[in-house]
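The structure under discussion appears below in the form of structure tokens.
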Amino acid sequence: MAQKVLDLLCDEVAGCKTAAFVDLSTRMVLVTNGTNTESQDTLNEMCQEAELMLVGGDTAMVATSGHMRLYLRDDAEPNDALCCVCETDTNFPELIAKAKACLSEISNVSGND
């Protein structure tokens with residue numbers, strides 16, 4: 001179910017290439033979208049960066065060479081986070097709104113298992 005939600009996010013938001021659901025407490029990527037092309041090392045780096053960037057907040061953006069990374073923390077489940085890799089011309093207000101809904105949906109399902 002989570003992969004389908006992440007796939008939908010990447011399909012709906014032009015420029016969103018990777019979406020990963022992570023557990024900040026374990027620094028583990030739990031699931032990514034099906035078309036993800038990031039290496040495991042990059043995913044691990046994103047998870048660590050998310051933990052650092054989300055200290056004291058629930059949204060952060062990082063510019064890297066040629067793309068942007070968006071990090072979101074779930075309000076109800078503070079160890080649940082979403083990491084997105086996007087092109088620089090992505091509609092970020094749209095991405096943030098849809099990514100928050102995506103994270104909430106995944107967190108609510110995983111929190112009820």
Side-chain angles (χ1 to χ4, degrees):
M1 191 296 283
Q3 184 176 353
K4 289 181 182 180
V5 174
L6 296 172
D7 286 344
L8 184 61
L9 174 65
C10 291
D11 289 345
E12 288 183 344
V13 180
C16 184
K17 302 299 181 194
T18 298
F21 178 64
V22 304
D23 180 342
L24 295 174
S25 67
T26 61
R27 295 183 185 160
M28 289 182 63
V29 175
L30 302 176
V31 65
T32 65
N33 62 302
T35 58
N36 168 48
T37 58
E38 302 296 331
S39 69
Q40 188 61 48
D41 287 341
T42 299
L43 292 171
N44 292 341
E45 176 187 306
M46 286 172 41
C47 196
Q48 292 174 353
E49 189 171 62
E51 182 185 34
L52 292 172
M53 296 304 297
L54 293 172
V55 170
D58 62 358
T59 305
M61 292 182 73
V62 176
T64 63
S65 178
H67 61 272
M68 298 286 291
R69 292 181 179 171
L70 170 68
Y71 299 109
L72 298 171
R73 179 195 311 266
D74 187 67
D75 291 334
E77 298 288 337
N79 287 320
D80 290 354
L82 190 67
C83 306
C84 298
V85 178
C86 306
E87 296 174 357
T88 56
D89 62 349
T90 298
N91 179 334
F92 286 97
E94 175 189 22
L95 173 63
I96 291 169
K98 290 186 178 194
K100 282 183 179 183
C102 174
L103 177 57
S104 179
E105 184 175 346
I106 294 171
S107 288
N108 287 332
V109 169
S110 68
N112 293 325
D113 287 347

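These numbers come from a predicted model, not from an experiment.
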Report summary line: Residues joined to V55 in its hydrophobic cluster, side chain to side chain under 4.5 Å directly or through other members, sorted by chain and number, are none
Query raised in the report: Is any side-chain heavy atom of E105 less than 4.5 Å from a side-chain heavy atom of M1?
Result: yes
Query raised in the report: Checking side chain to side chain contact (heavy atoms under 4.5 Å, CB included) for the pair T64/R69: CA distance, chi angles, key distance, verdict?
Result: CA-CA 7 Å; T64 63; R69 292 181 179 171; 4.3 Å; yes
Query raised in the report: Does the side chain of F21 come within less than 4.5 Å of C102's, by heavy atoms?
Result: no
Requested in this report: Calculate, to the nearest 0.5 Å, the distance between atoms OG1 and NZ belonging to T59 and K100 respectively.
Outcome: 4.5 Å
Query - Check against side chain to side chain contact (heavy atoms under 4.5 Å, CB included), D11 and T35 - result: CA-CA 10 Å; D11 289 345; T35 58; 5.9 Å; no
**Report entry** N33 side, atom CG; Q3 side, atom CD - distance, nearest 0.5 Å
**Finding:** 7.5 Å
Requested in this report: Working to the nearest 0.5 Å, report the span between CD of E51 and CD of Q48.
Outcome: 8.0 Å
Query - Least distance between heavy atoms, A20 atom then T32 atom - result: CB-CG2, 3.8 Å
**Report entry** Shortest non-hydrogen contact from P78 toward R73
**Finding:** O-NH1, 2.9 Å
Query raised in the report: Going from CG on L72 to CE on M61, what distance comes out if it is rounded to the nearest 0.5 angstrom?
Result: 9.5 Å
Report summary line: Tracing side-chain contacts under 4.5 Å among Ile, Leu, Val, Met, Phe, Trp and Tyr outward from L54 reaches V22, L24, V29, L43, M46, M53, V62, Y71, V85
Query raised in the report: Nearest heavy-atom pair of S104 and D74: which atoms, and what distance?
Result: CA-OD1, 3.7 Å
